[in-house]
Amino acid sequence: MLQVQDLVKRFGEMTAVDHESFTIKPGEIMGLIGQNGAGKTTTFRMILNFIRPDAGQILWNGQPLTKADYNQVGYLPEERGLYPKMQVEDQIIYFARLRGMKTADVKAQIDTWFDRFQVKGKRTDKVKDLSKGNQQKVQLIATLIHMPKLVILDEPFSGLDPVNASLLQDGIQMLRDNGSAIIYSSHDMGNVEAISDHLLMLRAGEVVLNGQVDTIRESFGRTKLFIESGLTQAQLAGFPGVLSIKPHGHSFELTLQDEAAGQAIFQAATANGYIPEFNQQPPTLDEIFRMKVGEQRG
Amino acid sequence: MNNVDKFWVVFSQVFKKNVRSGSWLFLVAAPIIFALIGGGLVYYISQTNASPRVAVVSQNPAVTNGLKAQKTGIDFVARDAQTAERQLTAEKVDGVLTVSATDLTARYTGRENAKSVSVDQLKQALTNVKTQQSVQQLKLTPAQVSALLAPAKLTTRTVTIQDGRQVAKQNSANAVNRTFAIVVVVLIIMVTMTYGSMLAQEIATEKGSRIMEILLSSVSATTQFFGKIAGIFALLLTQIAVYVVAFAIAWPFLSHWAVIRQLTAGIDWSFLWNAPGLVTLGFFVIGTLSYAVLAALTGSLVSNQEQVSQAVMPLSMLGMLGYFGALIAQASDSMLVQVGSYIPFINVSLMPVQLTMGHASTLQAVISLIWSTAFLGLFTWFTATVYKHNVLVYSGSGFLQSMRTSWQIWRSERSH
């Protein structure tokens with residue numbers, strides 16, 4: 001279990017991380033979101049012991065993380081790096097051996113991992129001869145092949161197409177099922193929503209959201225309404241509590257002041273019986289993210 | 001897996017990666033290839049450069065016989081004037097030497113596109129014939145002949161003036177020592193530069209490509225640092241071993257060569273295992289390690305691939321300083337050179353020259369070596385400490401800014 005308690009890090013005048021706390025249990029995936037410079041990478045670097053926090057502490061299974069725990073860590077930095085002239089297999093073996101794996105074990109498992117991430121290329125290919133996407137997969141394999149108990153992935157989805165992103169999602173979930181505690185950062189709220197058990201949003205180093213993804217969304221109320229009915233845009237705009245309307249073909253997307261405003265619309269829309277769509281949702285993570293970023297600007 | 005094991009993982013990675021690299025193989029092969037090409041050239045010339053053939057036209061057969069009897073490297077053949085002219089035109093001889101029978105005055109006609117015949121050699125050969133004839137005519141005894149021919153003896157002694165007195169210098173500043181000093185300096189500078197920049201580039205590239213962050217999350221910075229230094233040092237030892245093996249294989253063939261035998265006969269090989277030789281070897285080892293540590297330090301300050309050359313620059317500057325210092329030291333024993341012989345990095349090339357030239361005593365050299373070793377220890381400790389912070393500092397504004405930021409982080413971390 002990873003416990004981050006009241007972490008503070010300052011660089012000169014700037015506070016990069018401001019009283020940050022969270023816990024990740026084994027078998028749990030936490031998504032860390034925030035704008036560039038919100039303190040995500042600094043958080044990762046403090047967990048990895050690269051830099052020391054000015055206050056607060058980080059505990060791994062109740063103890064400070066030391067080099068004795070390095071073999072349990074899998075870390076994918078934001079800017080990817082491999083040795084371009086090295087063969088793919090040698091590259092994976094080197095990183096895995098640094099995590100305490102034996103060469104023979106790595107060799108025995110490489111094929112399974114190649115299949116899992118559908119790597120196109122041979123073990124003996126040089127890294128630089130692979131496509132960028134495949135290089136990224138090789139890097140992921142090198143990060144995960146030793147089945148780390150603590151997985152830290154900095155923007156793992158960036159640069160992946162939707163097919164490869166879903167392969168990565170499967171990979172992350174596989175490690176979760178194996179009991180790893182996983183923390184990753186992302187700009188893509190779709191991925192975060194799909195696989196995170198837990199969500200933490202940082203803004204200028206401060207935690208502005210922290211909790212289960214569904215709970216966070218619900219806490220904003222079901223203020224999004226997607227409706228396709230006999231009602232016109234003007235009629236919909238006439239209901240109390242409707243803040244804005246966006247037409248999408250035959251249907252409309254309404255933003256409501258509060259959840260309760262939906263009831264009157266539902267009754268009016270269904271007065272004549274069947275309608276194709278009435279869907280009242282909490283805001284998406286993407287919208288919450290923008291809302292939170294907007295609050296700061298406002 | 002404990003840290004010692006990870007040390008070996010890093011060590012073998014650095015070693016294996018470079019030992020297979022084109023640049024290292026070229027570094028090792030280049031001197032061998034040059035030696036082979038040079039040797040081949042010498043061999044080819046010695047094979048194809050058959051002695052020039054000179055027709056001797058003389059009424060006196062003793063002249064031709066006298067010339068033939070000498071080891072001049074010229075093939076003298078007796079011809080009458082007409083045949084000689086015809087053969088010269090037909091390019092069958094390279095020149096015609098016409099010698100009068102009485103006073104041995106001679107005229108030489110050489111063909112322009114022929115094998116070159118040295119006029120001095122011809123003159124010397126004729127003089128020898130003339131001397132022999134005079135000896136016979138004067139009926140001199142062998143003792144008289146050798147007295148006549150013995151050259152004057154000249155011995156030299158060099159003194160320096162110290163405190164108004166003449167002080168004899170060690171008679172070691174001879175050609176062999178001078179050559180040895182040059183070879184040592186070039187070797188030290190070449191090796192330290194090459195391996196230094198290899199390591200600086202290795203670390204700079206890892207840092208620039210962010211591989212460093214993965215490495216640091218798997219193995220402590222100190223273990224990584226020492227693993228790399230050791231890996232580079234092992235490459236150096238391998239290179240030396242390759243030369244030793246190559247030499248051992250080549251020597252049985254080389255030793256048959258008269259040229260090589262002549263060259264090596266003049267060298268007093270004892271310098272390889274006497275005190276100055278061992279001290280020089282010590283400088284070689286300490287020097288390579290010092291430059292490797294410096295390379296790790298400057299390499300760790302790089303922020304991106306473009307700055308790699310900046311990381312190598314301090315090494316080149318120190319190397320050049322040492323090289324020019326060594327050149328000055330070969331010419332004179334100035335105060336600057338004496339001081340420089342105790343300054344780390346520079347002394348690795350300066351002190352061996354000073355020692356070989358007799359400008360410094362073995363004791364002075366040993367003191368300088370001990371001081372360099374102590375310095376290396378401190379410098380390594382310092383570098384290992386800042387390395388960890390350096391490798392995480394990225395600065396867009398350049399090398400010096402990185403150095404400053406790294407220093408600030410180091411101080412702030414120490415205050416915790």
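Each chain gets a letter, A, B and so on, in the order the sequences are listed, and its residues count up from 1. What you are looking at is a predicted structure, and each value in this text was computed from that prediction instead of being measured.
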* Does the side chain of B/V9 come within less than 4.5 Å of A/F95's, by heavy atoms? -> no
* **Gap separating the CD1 atom of B/I214 from the CD atom of A/Q139, nearest 0.5 angstrom** => 4.0 Å
* To the nearest 0.5 Å, tell me how far A/N49 CG sits from B/L216 CG. => 11.0 Å
* Selection residues 7-23 of chain B - residue pairs positive for salt bridge (Lys or Arg N to Asp or Glu O under 4.0 Å), sequence neighbours left out -> A/D90-B/R20, B/K17-B/E202
* B/M320 atom CE: more than 12 heavy-atom contacts under 6.0 Å -> no
* Asked: Is the count of non-hydrogen atoms from other residues, nucleotides or ligands lying under 6.0 Å from A/R176 atom CZ greater than 12?
  -> yes
* CZ of B/F284: more than 12 outside heavy atoms within 6.0 angstrom? -> yes
* To do: Under 4.5 Å heavy-atom distance to chain A, tell me which part of B/S12 shows up: side chain, backbone, both or neither.
  => side chain
* Structure fact -> One should read off an interatomic distance between A/F50 CZ and B/S217 OG, to the nearest 0.5 angstrom, of 5.0 Å
* What's the spacing between B/I211 CD1 and A/M86 CE if we round to 0.5 Å? -> 7.5 Å
* With side chains defined as the heavy atoms from C-beta onward, is the minimum distance between A/L98 and B/V10 less than 4.5 Å? -> yes
* **Side chain / backbone / both / neither for A/L82 at chain B, heavy atoms under 4.5 Å** => backbone
Result block: side-chain N/O donor-acceptor pairs under 3.5 angstrom for residues 189-199 of chain B, not counting sequence neighbours:
from	atom 1	to	atom 2	distance (Å)
B/T192	OG1	B/I188	O	2.6
B/T192	OG1	B/I189	O	3.1
B/T194	OG1	B/M190	O	2.5
B/Y195	OH	B/W24	NE1	3.1
B/Y195	OH	B/L235	O	3.4
B/Y195	OH	B/Q239	OE1	2.6
B/S197	OG	B/M193	O	2.8
B/S197	OG	B/T194	O	3.1

* Do the side chains of A/F44 and B/E213 get nearer than 4.5 Å, heavy atoms only? -> no
* **Distance, nearest 0.5 Å, that separates CG of A/N71 from NZ of B/K6** => 3.5 Å
